[in-house]
Amino acid sequence: MSLAIALVFCLGLGFVTGDGTLFGIRSAAKSDGASSWHKDATESESDLGSADCPCRPSKVPQYFQTSPELWAGPTATGKAPFLAQTRTFDHAAGATYVPNDPLQTSLPIAGMDPRTNESIFRLMGYLSPYAPSPGFGVDEYPLPDGADIVQLQMLSRHGARYPTSDANVGALGQRIAAAKKHKFHAKGSLAFLNAWSYQLGAEILVPRGRQELFDSGILHAYMYSPLYNPNSKIIVRTTTQDRMLKSAENFMAGFFGLEWTRNATIEVIIEANNFNNSLAGYLNCPNSNKVGTGSDAADIWIRHYLQNATNRLAASIDGFKWNIEDSYAAMTMCPYETVAYGFSRFCELFTYEEWVGFEYAIDLSFYGDNGFGSPTGRAVGIGYQQEVMARLKNHTLGYSGSQINVTLDNNTATFPLNQSLYLDFSHDSNIVSILAAFGLTQFAGKLDPLHPGPHNFTVSHLTPFGARLDMEIIRTPKPLSADRSGYLDTGGETKYIHFVLNQRTVPLGWSFPECGASRVDGWCELDAFLRVQDTMPGIARYDYACFGDYQVEKLAYGAVADGAPPS
């Protein structure tokens with residue numbers, strides 16, 4: 001029986017409920033509960049249906065179901081890359097390739113000094129391919145003798161993807177396609193547009209995105225494998241969006257190998273409007289969708305730094321009124337096409353100084369819309385902060401006053417407390433809000449919309465594609481001196497927490513005096529950290545921040561500096 005016939009047969013038998021859910025998915029809980037699935041969860045034909053009737057009632061609880069996907073979000077694929085044919089490699093001009101890195105990201109850019117300037121692909125904010133952060137102000141230290149890492153909680157962003165369905169690059173592609181029906185002609189640096197058309201997909205991972213998460217899994221296996229108990233099966237959390245699920249699966253394949261389903265069960269939390277989900281905290285925070293102060297500030301800066309580029313490009317095209325929005329969309333097209341195809345002609349249209357300006361525009365946007373410049377910055381991330389604290393304090397969450405999924409977090413089958421390795425997957429804007437929810441005020445300094453200057457809040461360092469925050473719990477036999485000269489004579493066994501963001505230490509003492517600003521390793525005694533974090537939900541004011549009537553749309557950029565609504 002073919003799959004199509006089998007589906008019709010199953011549907012004809014009425015195995016789909018009135019709300020469109022496969023019967024047995026929502027109501028799959030049996031007398032032995034989800035924990036039995038967790039213990040012996042090897043997906044078999046009897047669990048997920050058979051080849052003859054793949055939609056037969058499933059024994060797998062909905063929150064552990066990965067196939068067929070529910071609430072996957074848009075999943076449009078795009079034109080396949082053909083780099084061997086489309087590249088314009090000119091070694092004499094300075095273009096280079098990195099072994100085992102398929103992207104042509106080292107390009108001769110006007111105004112770039114190859115001896116001092118970093119690649120423009122380190123200046124693309126949330127669209128930057130993964131690279132370790134250059135650091136957050138402190139040196140990296142190895143564990144002292146006698147110390148052990150006893151727990152890891154990792155929060156990862158998904159890998160490189162196609163644009164979202166409403167992205168500006170799609171709009172530019174539509175405008176150019178419409179103009180080509182009339183008297184469109186491009187010349188000079190834009191001549192390639194005469195034969196170009198927009199063919200990117202939407203939302204899902206591109207090949208580079210799969211690689212980033214697979215490589216992250218391998219790196220984490222080298223870093224933290226001993227934390228996994230080989231006699232256990234851990235719960236790993238992600239969301240129902242396709243790129244989120246695929247990111248988790250690729251990470252697991254890197255960490256455990258292709259047989260990872262023997263080691264981990266993926267819990268997929270519904271990602272849709274009005275659903276509680278700490279990994280997409282904005283979905284049940286309506287006011288966060290009204291915040292636009294960061295976007296407003298970015299627009300001010302874009303209209304300043306892209307004026308010359310817009311005039312330059314407009315002179316190279318006839319039958320099309322090229323404006324600043326087109327210039328910014330063209331810059332955005334560069335990283336999207338590069339991760340999708342391996343190469344993009346849009347990258348070379350702009351000077352190095354303009355790429356520096358592009359990154360600053362993204363910093364302004366995320367700071368004001370998702371970080372400490374947003375009235376909902378802390379509230380969007382506070383649910384995840386509470387989950388981290390609950391694990392550290394060894395309790396479930398029956399009520400939080402935030403957007404956590406209480407049904408899942410109040411059950412140790414879906415919110416386990418006995419793991420030493422916790423792996424969660426989220427989105428860039430959500431991670432920025434989580435950093436605010438933790439109160440990491442070292443990223444809170446206001447950014448000026450017209451006068452860029454040195455600042456700690458740099459999105460490409462915080463949430464590039466494949467970003468990861470590793471929160472290590474470290475146990476030492478005695479307290480460790482702040483200058484790392486050795487153990488102190490007084491005191492006994494001590495636990496510390498160490499934040500590692502994109503492979504570099506975030507110095508907790510810079511945000512929390514209780515942790516000690518003089519600590520050269522950036523660690524914080526766990527007890528002190530927990531005391532500080534107990535105050536964070538009160539500062540976030542989730543209910544008021546997300547649902548209160550404080551005229552969010554009328555807030556000016558700069559009116560908020562602490563990630564919470566005005567009093």
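For the numbers below, each heavy atom of this structure counts, side chains included, while hydrogens, waters and symmetry mates do not.
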Report the distance from atom CD1 of Ile266 to atom OH of Tyr63, rounding to the nearest 0.5 Å.
16.0 Å
Only one of Asn276, Asn405, Asn273 passes side chain to side chain donor-acceptor pair (under 3.5 Å) with Asn284; say which it is.
Asn276
Does the side chain of Asn456 reach to within under 4.5 Å of the side chain of Phe136, using non-hydrogen atoms?
no
Hey, are His427 and Glu271 close enough side-chain-wise for a donor-acceptor pair under 3.5 Å?
yes
Any Met536 side-chain heavy atom under 4.5 Å of Ile539 side chain:
yes
Would a distance-only check, ignoring hydrogens and angles, find a side-chain to backbone donor-acceptor pair under 3.5 Å from Glu525 to Thr494?
no
Heavy-atom closest pair, residues Ala167 and Pro163
CB-CB, 3.7 Å
Note, Leu279 side chain near Leu155 side chain (heavy atom, < 4.5 Å):
yes
Looking at Trp523 and Leu480, what are the two nearest heavy atoms and their distance?
CZ3-CD2, 3.7 Å
Rounded distance [0.5 Å steps], OG1 in Thr75 versus CD in Glu69:
7.5 Å
Quick one: does Arg378's side chain have a donor or acceptor within less than 3.5 Å of a partner on Asp562's backbone?
yes
Spell out, as yes or no, whether a donor-acceptor pair under 3.5 Å connects the side chain of Ser216 to the backbone of Glu212.
no
Run the side chain to side chain contact (heavy atoms under 4.5 Å, CB included) check on Phe425 and Met154 step by step: do they pass?
CA-CA 8 Å; Phe425 296 84; Met154 182 204 76; 3.8 Å; yes
Judged by modelled atom types alone, do Glu203 and Gln241 share a side-chain donor-acceptor pair under 3.5 Å?
no
Closer than 3.5 angstrom, by distance alone: can the side chain of Thr505 be matched with the main-chain N or O of Glu140 as a donor-acceptor pair?
no
Hey, are the side chains of Leu421 and Gln419 touching, using non-hydrogen atoms and a 4.5 Å cut-off?
no
Is the closest basic N to carboxylate O distance between Glu387 and Arg391 below 4.0 Å?
no
Picking from Phe457, Phe443, Tyr367, Tyr126, what satisfies side chain to side chain contact (heavy atoms under 4.5 Å, CB included) with Val432?
Phe457
Stacked cation flag Arg157 on Tyr130, 6.0 angstrom / 45 deg
no
Please tell me if the side chains of Ile235 and Phe64 come closer than 4.5 Å, counting only heavy atoms from C-beta onward.
yes
For residues Arg237 and Leu408, determine if any side-chain heavy atom of one lies less than 4.5 Å from a side-chain heavy atom of the other.
no
Can you tell me how far apart CG (Asp409) and OG1 (Thr414) are? Round to the nearest 0.5 Å.
7.0 Å
Side-chain contact test, heavy atoms from C-beta onward, threshold under 4.5 Å: evaluate it for Leu423 versus Ile234 and give yes or no.
yes
Apply the test side chain to side chain contact (heavy atoms under 4.5 Å, CB included) to residues Leu127 and Phe465: give CA-CA distance (whole Å), side-chain angles for both, the deciding distance (0.1 Å), then the verdict.
CA-CA 6 Å; Leu127 299 177; Phe465 285 129; 3.9 Å; yes
Atom CZ of Phe499 and atom CD1 of Ile497: how far apart are they, to the nearest 0.5 Å?
4.5 Å
Drop me the distance from Gln403's CD to Asn274's CG, to the nearest 0.5 angstrom.
12.5 Å
Is there a donor-acceptor pair under 3.5 Å between the side chain of Ser511 and the backbone N or O of Thr441?
yes
Which heavy atom of Gly491 sits nearest to which heavy atom of Lys478, and what is that distance?
O-CG, 3.8 Å
Write down the atom of Cys546, the atom of Pro286, and the distance for their closest heavy-atom approach.
O-CD, 3.4 Å
Heavy-atom donor-acceptor pair, Asn502 side chain to Ala467 backbone, under 3.5 Å:
no
Least distance between heavy atoms, Ser156 atom then Gly466 atom
OG-O, 4.5 Å
Please lay out, stage by stage, how Leu530 and Leu392 fare under the test side chain to side chain contact (heavy atoms under 4.5 Å, CB included).
CA-CA 8 Å; Leu530 293 176; Leu392 292 175; 3.9 Å; yes
Could you verify whether a donor N or O on one side chain and an acceptor N or O on the other, from Ser295 and Asp369, lie under 3.5 Å apart?
yes
Quick check against the 3.5 Å criterion: does Thr535 have a side-chain atom that pairs as donor or acceptor with the backbone of Val532?
yes
Test side chain to side chain contact (heavy atoms under 4.5 Å, CB included) on Ile270 and Asn277 and set out the steps.
CA-CA 7 Å; Ile270 297 171; Asn277 186 342; 5.8 Å; no
Spacing of CD1 belonging to Ile218 relative to CZ belonging to Phe256, to within rounding of 0.5 Å
13.0 Å
Among Pro565, Ser433, Cys285, side chain to side chain contact (heavy atoms under 4.5 Å, CB included) partner for Thr376:
Cys285
Looking at Ser365 and Ala298, would you say the former's side chain and the latter's main chain have a donor-acceptor pair under 3.5 Å?
no
Please state whether the rings of Phe438 and Phe529 are parallel, tilted or perpendicular, taking 30° and 60° as the class boundaries.
tilted
Looking at Ser278 and Ile404, would you say the former's side chain and the latter's main chain have a donor-acceptor pair under 3.5 Å?
no
Any luck finding a side-chain donor-acceptor pair between Tyr384 and Asp424 under 3.5 Å?
yes
Atom of Ala390, atom of Leu417 and distance for their closest heavy-atom approach:
O-CD2, 4.2 Å
With side chains defined as the heavy atoms from C-beta onward, is the minimum distance between Leu143 and Asp148 less than 4.5 Å?
no
N/O donor-acceptor pair under 3.5 Å between Asp242 side chain and Ala72 backbone:
no
Could you check whether the rings of His220 and Tyr224 sit parallel, tilted or perpendicular, using 30° and 60° as the cut-offs?
tilted
